Amino acid sequence: MVKQALVIVDVQNDFCPGGALAVAGGDEIIPLINQMSPGFEHVVLTQDWHPEHHSSFASSHPGKAPFETIQMPYGPQTLWPDHCIQGSFGAEFHKDLDRSRAELIVHKGFRPEIDSYSAFFENDRTTPTGLAGYLHERELNNVTLVGLATDFCVAYSALDAAGHGFDTTVRLDACRAIDLNGSLEAMIDAMRKAGVRLAGA
Ligand code: VGL
Ligand code: ZN
């Protein structure tokens, strides 16, 4: 058992086939994640957890369509279809995800006015979620990330983990991407430059 944390990002119904913001092959990674998690002493889950009418939803901005970008006070924000609404089926973890060893669930995106891709910071990149403190207190200096989507919540989480000084690995074979306007290549590049170890490709 490795003294490091596995962070399983947003393996929720809405990001799986049939969901509101379905990621191609999103459910294919679940058997691999289930196989990996017993090898980690600590397992943390993240859950995208939006209120209705969240500001990241295109439906909250008259005249705007999903996947357009708007300017928010904290910077550019991609607009999404309504997804992962608190208490909805779409927000639930996929039923096949083994959660038996998960010790912490980090909710993100629950404040109406700000989105949160990263498990560490909201999209203003300054409001912390507390996850860094949680991991530091347990002296877990190694973080491995898996889940959905590679180029959004996984990548932003990995960049912030590396920025906090964690030894950070993304298992690409246990992730799937949205890939919007070249976002996958751009985020892979950004992760590599930030010193994130990209494994399982
Ligand atoms: C995500 C877009 C919007 C993700 C969450 O989990 O990657 N992407 N909300
Ligand atoms: Zn979201």
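Both counts, for ligands and for their atoms, begin at 1 and track the order of listing. As the structure is a computational prediction, the values presented were derived from the model and not from experiment.
The shortest non-hydrogen separation linking S59 to D82 is OG-OD1, 2.6 Å. Annotation for M191 and A155: closest pair SD-CA, 3.7 Å, computed over non-hydrogen atoms. Across every non-hydrogen atom of V154 and C175, the tightest pair is CG1-SG, 3.9 Å.
Checked against a 3.5 angstrom limit, the closest N/O atoms of L148 and ligand 1 fall inside it. Backbone and side-chain nitrogen or oxygen atoms of H83 are examined, and one is located within less than 3.5 angstrom of a nitrogen or oxygen of ligand 1. Considering backbone and side-chain atoms alike, D10 places an N or O below 3.5 Å from some N or O of ligand 1. Among the atoms of I178, none of the N or O lies under 3.5 angstrom from an N or O of ligand 1.
Between Q12 and ligand 1 there is no heavy-atom distance shorter than 4.0 Å.
Within the coordination shell of the Zn ion (ligand 2), defined by N, O or S atoms under 2.8 Å, C84 is absent.
Closest to atom 7 (O) of ligand 1 by heavy atom, among C153, A155, G26, is C153.
From E28, atom CD reaches atom SG of C16 across 10.0 Å, with rounding to the nearest 0.5 Å.
Between F57 and H83, the ring center distance clears the sub-6.0 Å criterion.
The Zn ion (ligand 2) is closest to atom NE2 of H50 (considering only N, O or S atoms). For D48, the N, O or S atom closest to the Zn ion (ligand 2) goes by the atom name OD2.
In terms of protein heavy-atom proximity, atom 5 (C) of ligand 1 is nearest to D48 OD2, 3.2 Å.
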Inset, instruction - Start with the C-alpha distance between L45 and L97, add both sets of side-chain angles, then the distance that settles side chain to side chain contact (heavy atoms under 4.5 Å, CB included), and finish with yes or no. - result: CA-CA 11 Å; L45 304 179; L97 180 69; 4.3 Å; yes

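No part of V154 comes within 4.0 Å of ligand 1, judged by heavy-atom distances.
Few gaps surround NE2 on H136; more than 12 heavy atoms of other groups in view lie less than 6.0 Å from it. Other residues, nucleotides and ligands contribute more than 12 heavy atoms inside 6.0 Å of the CD atom of Q71.
Residue contact check: W80 has heavy atoms under 4.0 Å from atoms 2 (C), 3 (C) of ligand 1. Those atoms of ligand 1 with a heavy atom of A149 less than 4.0 angstrom away are 4 (C), 6 (O), 7 (O).
Using a 4.0 Å cut-off between charged side-chain N and carboxylate O, R176 and D27 make no salt bridge.
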